[in-house]
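It should be emphasised that the depicted structure is a prediction, and the values quoted were computed from it without experimental measurement. Computation of the quantities below employed the complete heavy-atom set of this structure, encompassing side-chain atoms and omitting hydrogens, waters and symmetry-equivalent molecules.
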Amino acid sequence: MKINKIKLYNFSSYEGENVFDFRCDDKNRNIILIGGKNGAGKTSLFTAIKVALYGPLAYGYVGVNSHYIMKIKDLINSKAFQQDKVETEVQITISLKKEREMREYIITRKWNYSKKKLSEEYYVEKEGKKLSQQELSYFQNYLQSIVPPDLFEFFLFDGEEVGNIFSTSSYNTYVKNAVFTLCGMDIFEIIRKYTKGYISKTSDEENDNLYIEFEVAKKEVERLEVREKSLLKEIEETQDTLNSLGIKLTELETEFKNAGGITEKERKELQKRYKAAESKKVESVVKMKIFVEGMMPFLIVREFAPKIKEQINYEEKEKIYDYISKKLVVDDIKEYLSKEDVSNTELANRLLEMILGKFKPEGNYNSKEVIFDLSKAEMNYAHGIISSIENFDIDEIVKAVKERMEASVVTVNINRILKSAMREEDAIKFAERENLLLREKEVLVAKLYEAQKSSSDIEDELQTQQQLKERIFQSIKLKAQNKHVYELSAGLSKVMEELLKNKTIAMRLRLEELVVQNLKHIYRKNNLITHVEITEDFQFKLYQDEVYNNNELLYLIKNLGNSEFGELIGEQGTKQLFEKMSASNLSEVRHKIEKGDEKKKFSLYKKIELSRLSKGERQIFILSLYWAIIMLSGQDIPFIIDTPYARIDANHRKEISEKFFPSISKQVIILSTDEEVNEEYYNILKPHIAKEYMLVNDENQNRTSVEEHYFFEE
C-alpha cells in the first residue's frame with residue numbers, strides 16, 4: 001500500500017482545502033518530511049489519515065455512534081461553524097496491489113452539520129467510479145486485511161505513544177497479528193487456498209462468496225476477541241488501580257486523624273454539640289438559681305408549713321366570723337321576727353348562734369390568737385407558697401444539677417479536641433492530597449465506565465459475529481459434504497496446521513535474527529541486546545552477553561533455583577551451558593561446578609526485562625522490531641511517524657537518520673518539529689527526501705496553512 005495524496009477540508013486547524021502530495025516517484029527518495037511547531041497541525045494530519053482509512057474503527061467503535069459523532073464534531077474547524085453550510089472532509093488516495101497490479105482508490109469521508117446533527121457520507125472511487133455497496137464491503141475487508149485497525153499503531157507510529165503498547169500484557173498479540181497479517185500466515189487463508197486448489201473443478205461463484213464471507217466473519221471475530229481481551233485487561237487493571245487508590249485514601253484519612261486532623265464536617269458537628277451543651281448548662285443554672293433564690297428558704301422550714309397553713313386558715317375564718325358577729329346582733333333578728341309576727345327571744349338567740357356557727361373557726365376558738373394578721377392578697381400568696389412546697393419535686397433539681405455537670409464535661413472535651421487539632425495550613429495540605437487522589441479516582445471511574453460499556457458492546461457484537469461465522473461455516477460444510485469434499489478439506493486442514501506451525505517457528509527464528517541485526521545497525525551499545533528469543537505466543541525475551549565464573553554460576557543457581565536461573569540465561573543460554581559442561585540438566589551442572597575450577601569463566605546470556613528498558617532504549621528496540629517485521633514480510637507498506645525522536649538521545653538520532661528512515665519502507669512520512677529533525681538531521685535526510693511540507697499556524701486565527709518547504713528550505 002502507498003499513500004498518494006491527502007486532502008483536508010475544514011478539518012481541525014486546517015481551514016478550507018489543504019492538499020498533500022505524497023507520491024515518491026524516485027525510488028531513492030522515499031521520505032516525505034512535514035515540519036511544524038507544536039500545535040501547528042501535525043497530529044491533526046496523523047488523525048486525518050486514521051479517520052480517512054478506518055472511520056469509527058479508528059477509535060475502536062464498530063459503527064457510527066454518538067461517541068464517534070462527538071469526536072468528529074470536535075475535529076470540525078471552528079471557522080466552518082461561521083458559514084451557512086457547515087461541512088468538513090478528509091480524502092486519501094492510496095494504491096493497493098490486487099492481482100499483481102497496483103490499483104488506485106480514492107477514499108472520501110464527508111460530514112455535514114445541519115440542525116445541530118452531524119451526518120457522515122463515506123464512499124470509495126476506483127477509476128473514476130464509486131464502488132457499489134457490496135464492492136465497498138469487500139474493499140474495506142481487503143484494506144483491513146493489509147493493515148488491520150487494531151494494528152494501526154504498528155504502521156502509523158507515534159513516538160510519544162507507541163511505547164505504551166509494550167507496557168501492556170497483551171503486546172504479544174499485537175506483534176503476532178502484525179507478523180501473521182503481513183506475512184500472509186492467516187490459518188484460514190492457507191486452508192482456503194489449499195482447499196480451493198483441490199476442489200477448484202467443482203467450485204462455483206456461490207462457494208467462492210461463502211468462503212470470502214466466512215473469512216471476513218472469522219477475521220471480525222478474531223478482531224473482536226482481541227479487542228474484548230484488551231478491554232477486560234483494561235477493566236481489571238483499572239479496577240486494581242481503583243482499589244489501590246481506595247487504600248491510599250483510607251491510609252490518608254487514618255494519617256490525617258492520627259495527626260489530629262478534623263474535617264470541616266466534624267468541626268461543625270463539634271461546634272453544634274458545644275453550643276447545645278452550653279445552652280443546656282445555662283438552662284440548668286437558671287433553674288438552680290431560681291430554686292436557690294426562691295424556693296430553697298421555704299423548703300428549709302417545710303416542716304412548719306402545715307401549722308402555718310392551719311394558722312392562716314384559722315385567721316381567715318376568724319376575721320369573717322368577727323366581722324359578721326359585729327354586724328349581726330340579736331336585736332336585729334328580734335326586729336325581723338316581730339315584723340313576721342314572731343316574738344320569741346330564745347328563737348332569735350338560737351338563730352344567731354346557728355348563723356355565727358357557720359363562720360366560727362374550728363377547734364378551740366378561745367385558745368387561738370391572731371399571729372400573722374395577713375391581708376387577703378398576703379393570704380393568697382402564702383397559700384401559693386405552701387402549695388408549691390407541698391408539690392415540689394426534688395428530682396427535677398437533681399436532674400438539672402446532673403445535666404449541668406454532663407454539659408460541662410462535654411464542653412471541656414470539645415474544647416480539648418479543638419485545641420489539640422492540627423494547624424489550618426497542615427489541614428489544607430492534607431485536603432490537597434485528598435483532592436488529588438479524588439480527582440484521580442474520578443478519572444479512573446469514568447475510564448472504567450467507558451471500558452465496561454465498550455466491553456458490553458463488543459460482547460454483543462462478538463456474539464452476533466460468532467453466530468454469523470457459525471452459520472456460514474455450516475453452509476460451507478453442507479456444500480462441501482454435498483460435493484463429497486468436506487472430508488478432504490478437513491484432512492487438508494490438519495496438514496495446513498502442521499505447515500503453519502513449522503512456518504511460524506521458522507518465522508520466529510528469522511525475526512529474532514533480524515531484530516538483533518537491526519539493533520546493531522542503529523544502537524551504539526553493542527552489548528545491550530545481543531540475543532532475542534520469541535516464544536510461541538510471541539512474548540519477547542531479551543538477553544545480553546555476560547561472563548560468569550564458577551562461583552558466580554554456583555551462587556546464581558543456589559539463590560535463584562533451577563527454574564528462575566533457567567529464565568535468567570534463557571533457552572539458548574541453557575543449551576550453551578549444557579554443551580560446555582557436558583551435562584544434561586542443571587543439577588548435573590551444579591555438581592560439576594562445585595568440583596571445578598573457581599576461576600573458570602563462561603560466556604552465557606543474561607536476561608533483560610523489556611519493561612526495564614529506558615523509554616529511549618524501548619523506542620529503539622521497537623523501531624528495530626518494526627523494521628524486522630517489514631523486512632520479514634517483504635510488504636510495501638508506508639511508515640508514518642510522528643515525533644520521530646521522542647525518547648531517543650542525540651547519540652542515536654544520527655544513526656536512525658542515516659540508516660533507519662532511508663531503509664525501513666519505500667514511503668516514509670515524518671512529522672517533526674525543528675527541534676527533532678533539526679538542521680543537522682535534515683541535511684542527513686535531504687538526499688532521501690521526495691517532498692517537503694511546512695505547517696504554519698496562525699495563532700490569532702487558529703488556522704494552519706501548508707507551504708512546500710521545511711524549516712531550513714524556503
Electrostatic pair [X]-[Y], nearest N-O below 4.0 angstrom:
{"X": "Lys541", "Y": "Glu571", "result": "no"}
{"X": "Lys110", "Y": "Glu120", "result": "no"}
{"X": "Glu125", "Y": "Lys129", "result": "no"}
{"X": "Glu220", "Y": "Arg223", "result": "yes"}
{"X": "Glu513", "Y": "Arg510", "result": "yes"}

Please round to the nearest 0.5 Å and tell me the distance separating atom [atom1] of [X] and atom [atom2] of [Y].
{"X": "Lys453", "Y": "Ile458", "atom1": "NZ", "atom2": "CD1", "value": "11.0 Å"}
{"X": "Phe22", "Y": "Ile94", "atom1": "CZ", "atom2": "CD1", "value": "13.5 Å"}
{"X": "Leu468", "Y": "Glu461", "atom1": "CG", "atom2": "CD", "value": "9.5 Å"}
{"X": "Gln467", "Y": "Glu470", "atom1": "CD", "atom2": "CD", "value": "9.5 Å"}
{"X": "Leu224", "Y": "Gln465", "atom1": "CG", "atom2": "CD", "value": "6.0 Å"}
{"X": "Gln239", "Y": "Lys447", "atom1": "CD", "atom2": "NZ", "value": "12.5 Å"}

In the structure I gave you, are the side-chain heavy atoms of [X] and [Y] within less than 4.5 Å of one another anywhere?
{"X": "Ser12", "Y": "Thr47", "result": "no"}
{"X": "Asn10", "Y": "Glu89", "result": "no"}
{"X": "Tyr105", "Y": "Leu143", "result": "no"}
{"X": "Ile669", "Y": "Ile641", "result": "no"}
{"X": "Leu249", "Y": "Leu438", "result": "yes"}
{"X": "Glu225", "Y": "Leu462", "result": "yes"}
{"X": "Arg227", "Y": "Leu231", "result": "yes"}
{"X": "Phe214", "Y": "Lys219", "result": "no"}

Exam field: side chain [X] to backbone [Y], donor-acceptor pair closer than 3.5 Å:
{"X": "Ser244", "Y": "Asp240", "result": "no"}
{"X": "Ser137", "Y": "Gln133", "result": "no"}
{"X": "Ser665", "Y": "Val668", "result": "no"}
{"X": "Ser456", "Y": "Gln452", "result": "no"}
{"X": "Tyr54", "Y": "Ile49", "result": "no"}
{"X": "Glu135", "Y": "Ser132", "result": "yes"}
{"X": "Asn30", "Y": "Phe661", "result": "yes"}
{"X": "Thr88", "Y": "Tyr9", "result": "yes"}
{"X": "Asn518", "Y": "Ser624", "result": "yes"}
{"X": "Thr238", "Y": "Glu234", "result": "yes"}

With a 6.0 Å cut-off (strictly less than), is the heavy-atom count around [atom1] of [X], excluding the residue itself, greater than 12?
{"X": "Lys607", "atom1": "NZ", "result": "yes"}
{"X": "Tyr449", "atom1": "OH", "result": "no"}
{"X": "Gln134", "atom1": "CD", "result": "no"}

Looking at every heavy atom in both [X] and [Y], which two are closest together, and how far apart are they?
{"X": "Leu136", "Y": "Leu131", "result": "N-CB, 4.0 Å"}
{"X": "Arg109", "Y": "Val51", "result": "NE-O, 2.9 Å"}
{"X": "Pro644", "Y": "Glu676", "result": "CD-OE1, 3.2 Å"}
{"X": "Leu118", "Y": "Lys73", "result": "CD2-N, 3.8 Å"}
{"X": "Ile3", "Y": "Gln667", "result": "O-NE2, 2.5 Å"}
{"X": "Ala80", "Y": "Glu87", "result": "CB-O, 4.2 Å"}

Relative to each other, are the rings of [X] and [Y] parallel, tilted or perpendicular (30° and 60° limits)?
{"X": "Tyr68", "Y": "Tyr59", "answer": "tilted"}
{"X": "Phe639", "Y": "Phe660", "answer": "perpendicular"}
{"X": "Tyr543", "Y": "His531", "answer": "tilted"}
{"X": "His67", "Y": "Tyr61", "answer": "parallel"}
{"X": "Trp111", "Y": "Phe11", "answer": "tilted"}

_If only side-chain N and O atoms count, and only distance matters, is there a donor-acceptor pair under 3.5 Å linking Asn4 with Glu104?_
yes

*Taking atom types as modelled, find out whether Asn112 and Ser114 have a side-chain donor-acceptor pair closer than 3.5 angstrom.*
no

*Looking at Lys503, Met507, Arg508, which hits side chain to side chain contact (heavy atoms under 4.5 Å, CB included) with Ile505?*
Arg508

*Cation over ring, Lys130 on Tyr123, under 6.0 Å and within 45°?*
yes

*asked:* Assess the residue pair Phe540 and Thr535 against the criterion (side chain to side chain contact (heavy atoms under 4.5 Å, CB included)); give the C-alpha distance rounded to whole Å, side-chain angles, the decisive distance to 0.1 Å, and a yes or no.
replied: CA-CA 7 Å; Phe540 281 75; Thr535 64; over 6 Å; no

*Check step by step if side chain to side chain contact (heavy atoms under 4.5 Å, CB included) holds for Leu514 and Leu632.*
CA-CA 8 Å; Leu514 290 173; Leu632 181 68; 4.0 Å; yes

_Test side chain to side chain contact (heavy atoms under 4.5 Å, CB included) applied to Ile92 and Leu53, step by step_ = CA-CA 8 Å; Ile92 183 167; Leu53 289 174; 4.2 Å; yes

_For a side chain to side chain contact (heavy atoms under 4.5 Å, CB included) check, start with the C-alpha distance between Ile529 and Val515, then their side-chain angles and the critical distance, and finish with the verdict._
CA-CA 10 Å; Ile529 300 174; Val515 172; over 6 Å; no

